[in-house]
Colleague: 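Pasting a structure here, questions to come.
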Amino acid sequence: MPTITCDSCRCQHPIGCNDLDWESKALEGKEDSMESTIEHHASLKMNCRVCRKKMKATFTCKEDPQNVIETTDHEAVGCIVSGNISPPSVR
Ligand SMILES: [Zn+2]
């Protein structure tokens with residue numbers, strides 16, 4: 001299970017991909033194609049349960065027309081993200 005680690009006290013907090021609020025949007029594809037890449041986006045805000053530090057993370061995954069995740073990326077503030085985050089629909 002993916003975890004986010006507080007970068008103050010190193011406490012680990014498990015996160016479930018299903019618990020994230022995913023938003024999906026189709027990116028513009030080529031004009032002659034009916035298929036397009038879908039971008040999935042989710043963000044997470046929480047306080048460390050030990051030291052109450054504010055932690056924030058955003059996740060971006062791109063899914064190609066064959067339902068394959070192309071890239072996953074994240075930005076984290078106040079925490080470290082480990083593990084693979086992917087939208088529930090493509091697992
Ligand atoms: Zn902490």
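Remember, it's 1-based here, ligands and their atoms both numbered in the order they're listed. For reference, positions follow the sequence shown, starting with 1.
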Colleague: With clusters defined by side-chain heavy atoms of hydrophobic residues (ILVMFWY) lying less than 4.5 Å apart, directly or transitively, does I69 cluster with V81?
Modeller: no

Colleague: Using the side-chain contact (heavy atoms from CB on, under 4.5 Å) rule, pick out the option among T58, D21, T60 that qualifies with S43.
Modeller: T58

Colleague: Side-chain polar contacts of residues 72-80 - donor-acceptor pairs under 3.5 angstrom, sequence neighbours left out - could you list them?
Modeller:
none

Colleague: Would you tell me whether H40 and E23 have side-chain atoms, one donor and one acceptor, within less than 3.5 Å of each other?
Modeller: no

Colleague: Would you give the length of the straight line joining atom CZ of R52 to atom CE of M46, rounded to the nearest 0.5 angstrom?
Modeller: 9.0 Å

Colleague: Using a cut-off of 2.8 Å, find all protein N, O or S atoms closer to the Zn ion (ligand 1) than that distance.
Modeller: C6 SG, C9 SG, C48 SG, C51 SG

Colleague: With a 4.5 Å limit on heavy-atom distance, are the side chains of L27 and I38 in contact?
Modeller: no

